[in-house]
Amino acid sequence: MIHQDRRRAGSFGEAAEQYERARPSYPVELVDALMADHPGRVLDVGCGTGKAGRLFAARGCEVIGVEPDARMASVAREHGLDVEVATFEEWSARGRVFDLVISGQAWHWVDPTIGAAKAATVLRPEASLGLFWNYIHLDDEMRAALDAVYRAHAPSMLDNYVLGTRAKDAPAFRDSLASSRKFTGPWIRQYDWDARMSRAEWLDLLPTQSDHRVLPAEQRSRLLAGIGDAIDSLGGSVRVQWETELIVTHRLAD
């Protein structure tokens, strides 16, 4: 129930500009899939710095973001996104209805029961809810080298996201949505893509992860130094196999 950990949920704004700089975007094919019904009005839940919402604004959609952290919202606004500061659970739609609700890398911070019910109230009948996450996979050599560093400096984090060992969110939320009487049976689509990240880029990415952010500063510094040394020993860069998972479901007609 990670959404209950408000310290982690509220940690992203401490490095909002770094989050914008270091976090990856999402595949074009994912946006294509969610644009299939030609949505006009899009609600971006947990929009962060607007990485997902801007992709839909670029396709001509009217996008409104909902973001609990004012610092993240400020960066999103600087990039042209209209953002309202609130948790999704407490946000007021004020009678507005949307053709598509999205949430990129954020739905796990929303109470799953309240979130699904609220999404249904702001979607027009037959409109889509699209939830998506980027997952990391490393080659065996890099994974083993980084695993050793975490064992030495942060052993409680051996199941963390960047090592590719954290349980995926998509199946759990698919099953949760499947039990709702407001939506059709959800399906999951996977998009795979590769990237090579420099040592500096990888070390820039890590502090944007909530479990890394909440570490004591000295421990985080030791961890990052060890990770940098490990990357240097393996050529100075990290090959990342990204896996983006998308859940799509549709609001049932009344």
Please check if any side-chain donor atom of His137 sits under 3.5 Å from a side-chain acceptor atom of Glu243, or the reverse. yes
Within the 3.5 Å criterion, strictly below it, is a donor on Gln209 or Asn160 matched to an acceptor on the partner's side chain? no
Just by distance, do the side chain of [X] and the backbone of [Y] share a donor-acceptor pair under 3.5 Å?
X	Y	value
Gln219	His153	yes
Asp99	Pro39	no
Arg143	Leu138	no
Arg199	Ser237	no
Arg220	Leu215	yes

Cluster overlap [X] with [Y], hydrophobic side-chain contacts below 4.5 Å:
X	Y	value
Val97	Leu252	no
Leu30	Met35	yes
Val85	Met72	no
Met157	Val214	no
Val75	Val83	no

Taking side chain as C-beta onward, heavy atoms only, is [X] less than 4.5 Å from [Y]?
X	Y	answer
Val240	Pro24	no
Tyr135	Glu245	yes
Trp202	Leu146	yes

Would you mind checking if [Y] and [X] are paired as a salt bridge, meaning a charged N to carboxylate O distance below 4.0 Å?
X	Y	result
Glu67	Arg77	no
Arg21	Glu201	no
Arg54	Glu20	yes
Glu89	Lys118	no
Asp32	Arg59	yes

Could you work out, with salt bridge (charged side-chain N to carboxylate O under 4.0 Å, His left out) as the rule, every residue matching Glu90, not counting sequence neighbours? none
So, is the end of the Lys51 side chain (NZ or CZ) under 6.0 Å from the ring centre of Tyr26 and within 45° of the ring's axis? no
Can you tell me how the ring of Phe12 sits relative to the ring of Trp109, calling it parallel under 30°, perpendicular over 60° and tilted otherwise?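 Answer is perpendicular, since the angle exceeds 60°.
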Arg239 pairs by salt bridge (Lys or Arg N to Asp or Glu O under 4.0 Å) with which of Asp140, Asp194, Asp139?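 Of Asp140, Asp194, Asp139, salt bridge (Lys or Arg N to Asp or Glu O under 4.0 Å) with Arg239 is met by Asp194 alone.
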Taking the ring of His212 and the ring of Tyr150, is the distance between their centroids below 6.0 Å? yes
